[in-house]
Amino acid sequence: MTDDGLAHAIAERVRNCPGVAALSGGPYGTVATYLPGARLHGVAVRDDEVEIAIIARGGRPVYITADEVRAAIAPLVGGRPVNVTIDDLEDS
């Protein structure tokens, strides 16, 4: 899978997690994957880690949402650690 294909696949799995309202660019928009002619906010795929930034849905523990995100993308990241940042909460 190409790097941009991997980033899009990760983003799709994250968006489908029940506790995720949206992807977020993180502080100053730094959590992103740079693609030809575009930037995918909320997913940063690096050689040694994957960073995810989200807006979580309110009304559930955020640690459960973070664990769901990690589990959803684990098959795609090849054993790299996954760091999940919850930038905001959506009102439930």
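Remember, it's a predicted structure, so these values are computed and weren't measured experimentally. We use all heavy atoms of the structure for the numbers below, so side chains are in, but hydrogens, waters and symmetry mates are not.
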* To do: Please tell me if the side chains of Asp67 and Arg70 come closer than 4.5 Å, counting only heavy atoms from C-beta onward.
  => yes

* **Minimal non-hydrogen separation, Ala56 against Thr65, with atom names** => CB-CG2, 4.4 Å

* To do: For atom CG of Asp48, decide whether the heavy atoms of other residues, nucleotides or ligands shown that lie under 6.0 angstrom number more than 12.
  => yes

* Taking all heavy atoms of Arg46 and all of Thr30, pick out the closest pair and write down the distance. => NH2-O, 4.4 Å

* For Ala11 and Leu23, which heavy atoms make the closest approach, and how far apart are they? -> CB-CD1, 3.8 Å

* **Short side-chain to backbone donor-acceptor contact, Arg13 and Ala72, under 3.5 Å** => yes

* Asked: Can Leu76 and Leu6 be said to form a side chain to side chain contact (heavy atoms under 4.5 Å, CB included), step by step?
  -> CA-CA 7 Å; Leu76 300 176; Leu6 176 60; 4.0 Å; yes

* Heavy-atom pair of closest approach, residues Arg57 and Leu89 -> O-CD2, 4.4 Å

* **Salt bridge Glu68-Arg60, side-chain N to carboxylate O under 4.0 Å** => yes

* To do: Flag the pair Ile10 / Val45 as yes when at least one side-chain heavy-atom distance between them is below 4.5 Å, and no otherwise.
  => yes

* To do: Hey, could you give me the SG/CD1 distance between Cys17 and Ile73, rounded to the nearest 0.5 Å?
  => 8.5 Å

* Structure fact -> Heavy-atom nearest pair, Pro27 first then Asp87, reads CD-OD1, 4.3 Å

* Asked: Which is it for Ile55 and Ser24 under the side chain to side chain contact (heavy atoms under 4.5 Å, CB included) test, yes or no, and what are the steps along the way?
  -> CA-CA 6 Å; Ile55 298 170; Ser24 170; 4.1 Å; yes

* Taking all non-hydrogen atoms of both residues into account, name the closest pair between Ala44 and Thr33 and its distance. => CA-OG1, 3.6 Å

* **Any donor-acceptor N/O pair, Asn83 side chain to Glu51 backbone, under 3.5 Å** => no

* Start with the C-alpha distance between Val31 and Thr85, add both sets of side-chain angles, then the distance that settles side chain to side chain contact (heavy atoms under 4.5 Å, CB included), and finish with yes or no. => CA-CA 10 Å; Val31 180; Thr85 301; 5.8 Å; no

